[in-house]
Amino acid sequence: MFRPSRPVSDPVDEQPIDEPPIASAARIAAAVRTGMMTRLPRPPHRRVMVVANQKGGVGKTTTTVNLAAALALQGLNVLVLDLDPQGNASTALGVPHAEGTPSAYDVLVEGVPIKDVVTAAAHLPNLACVPASIDLAGAEMQMFGMEHREWLLTRALEGYDLDHVDYVFIDCPPSLGLLTLNALVAANEVLVPVQCEYYALEGLTQLMRTIEMVRSSLRPELVMSTILLTMYDGRTRQAEQVANEVRHYFGGLVLRTTIPRSVRVSEAPSHGQTVLTYDPGSPGAMSYLDAAREIARAAFDPPQ
Ligand SMILES: Nc1ncnc2c1ncn2[C@@H]1O[C@H](COP(=O)(O)OP(=O)(O)O)[C@@H](O)[C@H]1O
Ligand SMILES: [Mg+2]
């Protein structure tokens, strides 16, 4: 069995100057496997981040679970709410979500307390998940006829003891319907994953209009705080052009870290894992660790 040669209080994931990439990968992998990661500071206030972009396949779910895992591995307490009926976030966190499993559907439509459906993630400390099952697919229709239909998630979170929770991440379906609206109303921050491809900015105007509408009539505190460039393929000029364009428009909101396109990231969910435990030394895992650090530090130094 691998035995760390350093005391637990001395994290091994800080990069020495001039370290070759292969050595960084080995060092990070060892740090994740032995739990010897740097402890990130708890944010001054709990951060409720909704991961939204009404385009499908841009990396919302991948970003939700990997950032959540990266923060949890670095000592923070994280709750993931899966609001996509496909339940891909639940899958990646190793949380059961077969049809009929108590899930976000029961919370939103039946008023079941979150504590009755929340489940610990399979391979990660400090991380719990409210799963989504296919039952959620018909929820928007049912919610439409309910009183205070935009506030159902907010009410559910108010009824849950969040004292120990540092970050809440909400994974949204690829639409701006009632599920996403409930997520926006319950959150303080929107994190938008943007895929580095030609039509990356398409639809963002609509998302920003929705955020503005929520701010003006339902949740004035809500801000779009973070943009993360995902699936960056350094071999194409197009990825670089898109990244430059997004940085030009959104400036300081865009994290310096970009997430590379990496096959290990897409393989991990089929093993019921995030890439952080599946292959912690892979480029995708290391980028999500970097992105998580940037996000955690922004809690103390918010973008202008
Ligand atoms: N960095 C990445 N490298 C390779 N594949 C990725 C990466 N990020 C996401 N994917 C893959 O792209 C697809 C869409 O990602 P997903 O997170 O499910 O998007 P969304 O939740 O926005 O629909 C999935 O198959 C996922 O595994
Ligand atoms: Mg998704």
Side-chain angles (χ1 to χ4, degrees), residues 25 49-70 80-95 97 103-104 129-134 136-137 139-140 169-177 179-180 182-184 190-204 206-207 210 226-236 238-240 242-243 246 254-255 257-292 294:
M49 303 186 83
V50 49
V51 181
N53 185 333
Q54 75 275 29
K55 275 179 93 168
V58 298
K60 287 183 290 297
T61 301
T62 306
T63 295
T64 301
V65 298
N66 289 301
L67 283 180
V80 169
L81 307 178
D82 188 353
L83 288 197
D84 187 342
Q86 295 183 72
N88 295 339
S90 313
T91 303
L93 295 175
V95 172
H97 63 104
S103 70
C129 172
V130 170
S133 70
I134 193 67
L136 201 57
E140 287 194 337
F169 282 93
I170 312 177
D171 187 26
C172 290
S175 71
L176 295 175
L179 288 169
T180 300
N182 264 267
L184 292 171
V190 188
L191 185 161
V192 185
V194 170
Q195 187 182 354
C196 294
E197 51 137 45
Y198 190 57
Y199 292 113
L201 294 175
E202 197 186 58
L204 280 195
Q206 214 182 336
L207 175 62
T210 306
T226 315
I227 295 182
L228 177 60
L229 295 164
T230 64
M231 292 184 243
Y232 185 87
D233 185 345
R235 294 165 305 181
T236 67
Q238 196 192 56
E240 197 187 329
V242 170
V246 174
V254 188
L255 295 184
T257 308
T258 54
I259 308 299
R261 189 175 275 287
S262 151
V263 74
R264 307 301 266 169
V265 171
S266 54
E267 279 172 5
S270 60
H271 298 265
Q273 293 192 46
T274 66
V275 76
L276 272 301
T277 57
Y278 179 64
D279 190 352
S282 64
M286 298 210 294
S287 322
Y288 273 114
L289 282 167
D290 288 343
E294 262 195 71

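Each ligand, and each atom within it, is numbered from 1 in the order the structure gives. Quick note: residue numbers are just sequence positions, from 1.
- Here the side chains of Leu93 and Thr274 are in contact, with some heavy-atom distance below 4.5 Å.
- Of the listed residues (Asp84, Asn88, Asp171), just one forms a side-chain hydrogen bond (donor to acceptor under 3.5 Å, both in side chains) with Thr61, and that residue is Asp171.
- By the 3.5 Å distance cut-off applied to N or O atoms, Gly56 is not counted among the residues near ligand 1.
- Taking CG from Asp82 and OG1 from Thr91, the interatomic distance works out to 8.0 Å, rounded to the nearest 0.5 Å.
- Listed by number with element, the atoms of ligand 1 under 4.0 Å from a non-hydrogen atom of Val58 are 19 (O), 20 (P), 22 (O).
- In terms of protein heavy-atom proximity, atom 19 (O) of ligand 1 is nearest to Gly59 N, 3.0 Å.
- Side-chain contact between Lys60 and Pro174: present, with at least one pair of heavy atoms (C-beta onward) separated by less than 4.5 Å.
- Closest of all the heavy-atom pairs between Gly284 and Val275 is C-CG1, 4.1 Å.
- Neither the backbone nor the side chain of Pro269 has any atom closer than 4.0 Å to an atom of ligand 1 (non-hydrogen atoms only).
- The atoms of ligand 1 that sit less than 4.0 Å from any heavy atom of Val265 are 1 (N), 2 (C), 3 (N), 7 (C), 8 (N).
- Atom 25 (O) of ligand 1 has as its closest protein heavy atom Ser266 CB, 4.8 Å.
- Protein atoms of type N, O or S found under 2.8 Å from the Mg ion (ligand 2) total 1.
- Only the side chain of Ile259 comes within 4.0 Å of ligand 1, judged by heavy-atom distances.
- Atom 18 (O) of ligand 1 has as its closest protein heavy atom Thr61 CB, 4.1 Å.
- Closest non-hydrogen pair, Pro193 versus Val58, comes out as O-CG2, 3.8 Å.
- Contact between Leu176 and Gln54 at its shortest, heavy atoms only, is CG-CB, 3.8 Å.
- Atom 1 (N) of ligand 1 has as its closest protein heavy atom Pro260 O, 2.9 Å.
- For Ser266 against Pro269, the heavy-atom pair with the smallest separation is O-CD, 3.4 Å.
- Ligand 1 is approached by Gly57 to a heavy-atom distance shorter than 4.0 Å.
- Within the 4.0 Å heavy-atom shell around ligand 1 one does not find Thr230.
- Ser262 O, 3.1 Å is the protein heavy atom nearest to atom 4 (C) of ligand 1.
- Side-chain contact check for Arg261 versus Gln195: some heavy-atom pair is nearer than 4.5 Å.
- Considering only heavy atoms from C-beta on, Thr63 comes within 4.5 Å of Tyr288 through its side chain.
- Taking atom 9 (C) of ligand 1 as the reference point, the nearest protein heavy-atom neighbour is Thr62 OG1, 3.3 Å.
- Not close to ligand 1: Gly284, with no non-hydrogen atom less than 4.0 angstrom away.
- Two residues are said to be in side-chain contact when any heavy atoms from C-beta on lie closer than 4.5 Å; Thr62 and Ile259 fail this criterion.
- The two residues Ala92 and Val65 make their nearest non-hydrogen contact at CB-CG2, 3.9 Å.
- Between Leu83 and Pro173, the shortest heavy-atom distance links the atoms O-CD, 3.4 Å.
- The presence of a protein heavy atom under 4.0 Å from atom 7 (C) of ligand 1 is confirmed.
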_Using side-chain contact (heavy atoms from CB on, under 4.5 Å), reason through Thr180 and Thr210 one step at a time and then give a plain yes or no._
CA-CA 10 Å; Thr180 300; Thr210 306; over 6 Å; no

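- Between Asp171 and ligand 1, not a single N/O pair is under 3.5 Å apart.
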